[in-house]
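See structure below.
Atoms within each ligand, like the ligands themselves, are counted from 1 in listed order.
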Amino acid sequence: MTLTAVVHDAAEIVTLESGEEAEGEGDAEDGDLGEDELGVYTDAAVAVEDGEVARVGATGPVTREFPPENAEFAVDASGKSVIPGFVDPHTHALFAGDRSDEFEAKLRGKTYQDIMEEGGGILRTVRATREAGDEELLENLLGHLDTMLAHGTTTVEVKSGYGLDTETELRMLEVIDRADDRHPVDVVPTFMGAHAVPEGRETDDYVEEVVDEQIPEVESQGIAEFCDVFCEEGVFDVEQSRRVLEAGKDAGMTPKVHAEELAHIGGTQLAAEVGAASADHLLHSTEEDVAALVESDVVPVLLPGTAFGLGAAYADARAFLDAGADVAIATDFNPNCYSQSMGFAASLSCVEMGLTPAESLVASTTNAAAALDLPENVGTLQVGSPGDLAVLDAPTYVHVPYNFGVNAVEAVLKDGEVVHRA
Ligand code: NIG
Ligand code: FE
């Protein structure tokens, strides 16, 4: 028997298919440009068969072809809206320990660098993560994935990088892989041995270790898809970062770069030069950086939660959008940026970075999928797309950023199965 799901009578379904195609079907709302680009259907239904969207459009024709009473999962979405599941393209969601005291320290005026110098920050999480067993790490990650799913995320990237030695980095990737098997949320694994320099080590010496020891082992383990580096003043400079990313590329991992988060040192240009899938953070990017990313098709991934948590100035999202970049947003969920919610990132992206709600939805679905090199229909609800969607307890998708601090997600379908209900 084929497994089907029908979500019907929705006030609106946002497909994110192109405006022309949506109009071609005759049901698209005649809204403003932004609405057309989103492919919005009103009084709509979506049917999912064998994990993929089989039909989307007006409720009448869709439910005649796919009667809800015959479906495995039927969701009456009267008065509610439906969007593609969020793709969160940048997280450090696997770790042990608690750093809530650092949140208080930052409120009392300490900077992220002060905290690092006092033994806090990334290296503190490294100590806790090395000490934790695999089962504890797995439980931690599964718990965070539950929270993400409840907030509408159906695909998430998770980085290693709290091991900083071969054994723990491999252990982290193994746990990420097991979580992907065990949890409905799709998990995309990234190796980030170059997340920080371990205690008592020289940077160049540690870069040698990452390149000569960690990357070959990660390659034979065969889990990581991307290789990321913290290209930052006082961490890895551009040349050290380039060595790591080139070695990662030779081992089959696509580069990603943490660039210009705390200072401008050239990580964005490096991302363009090595053909990275994305350059992330970009709080201090210049006009030349923006042009280089657009020209080389590197997705700028902006992380408004990080700026919020650091009390820092936000990335200049408008500069990227005006230059024609396909801007993505992510949570950057980590012990220093403690939010698993793409809805909160969307609110910040609108209020603090000037995205429209439509731009923020595109940034957290299709553009986020592009930052992870996922197939083009991920983050959309067209025929053939994965049946990954969120039903919002709200009449329009605009309520995601508008209803800030509140989770608008009522139900989530992954591959056409209802995997969460509020
Ligand atoms: O993306 N910038 C480097 N890494 C993280 C912070 C990790 C941590 O503080 O534990 C980030 O913000
Ligand atoms: Fe990060």
Checklist line | With Val185, the side chain to side chain contact (heavy atoms under 4.5 Å, CB included) member among Asp146, Val419, Asp88, Leu145 | finding: Leu145

Notebook entry, point to check: Do any N/O/S atoms of His258 come under 2.8 Å of the Fe ion (ligand 2)?
Noted result: yes

Notebook entry, point to check: How close does the nearest protein non-hydrogen atom get to atom 4 (N) of ligand 1, and which residue and atom is it?
Noted result: His195 NE2, 2.8 Å

Notebook entry, point to check: So, is His258 polar-close to ligand 1, with some N/O to N/O distance under 3.5 Å?
Noted result: yes

Next item on the list: Note the single closest protein heavy atom to atom 7 (C) of ligand 1, along with its residue, its atom name and the distance in Å.
Entry: Tyr162 OH, 3.3 Å

Note to self: Please identify which of these residues, Phe344, Tyr314, Phe103, meets the ring pair (Phe, Tyr, Trp, His ring centres under 6.0 Å) condition with Phe308.
What the structure shows: Phe344

Check: Quick one: does Tyr112 get an N or O within less than 3.5 Å of an N or O on ligand 1?
Finding: yes

Note to self: Tell me whether ligand 1 is touched by His281 - counting only heavy atoms on the residue side and a distance under 4.0 Å.
What the structure shows: yes

Checklist line | From Met116, Glu261, His90 - option closest to atom 2 (N) of ligand 1 by heavy atom | finding: Glu261

Margin query: Can you confirm, on distance only, whether ligand 1 has an N/O atom lying under 3.5 Å from any N/O atom belonging to Thr125?
Written below: no

Margin query: Suppose I only count heavy atoms of Asp332 and a 4.0 Å limit; which atoms of ligand 1 are within that range?
Written below: 1 (O), 11 (C), 12 (O)

Notebook entry, point to check: Under 4.0 Å from ligand 1, counting heavy atoms only, is it the side chain of His92, its backbone, both or neither?
Noted result: side chain

Item checked: Electrostatic pair Glu359:Arg318 at N-O distance under 4.0 angstrom -> yes

Next item on the list: Give a yes/no verdict on whether any heavy atom in Phe95 is under 4.0 Å from an atom of ligand 1.
Entry: no

Note to self: Quick check for you: to the nearest 0.5 Å, what is the distance between Asp76 atom CG and His8 atom NE2?
What the structure shows: 4.5 Å

Notebook entry, point to check: If you check every N/O/S atom of His92, which is the one nearest the Fe ion (ligand 2)?
Noted result: NE2

Check: How long is the span from the CG atom in Leu355 to the CG atom in Leu348, to the nearest 0.5 Å?
Finding: 11.0 Å

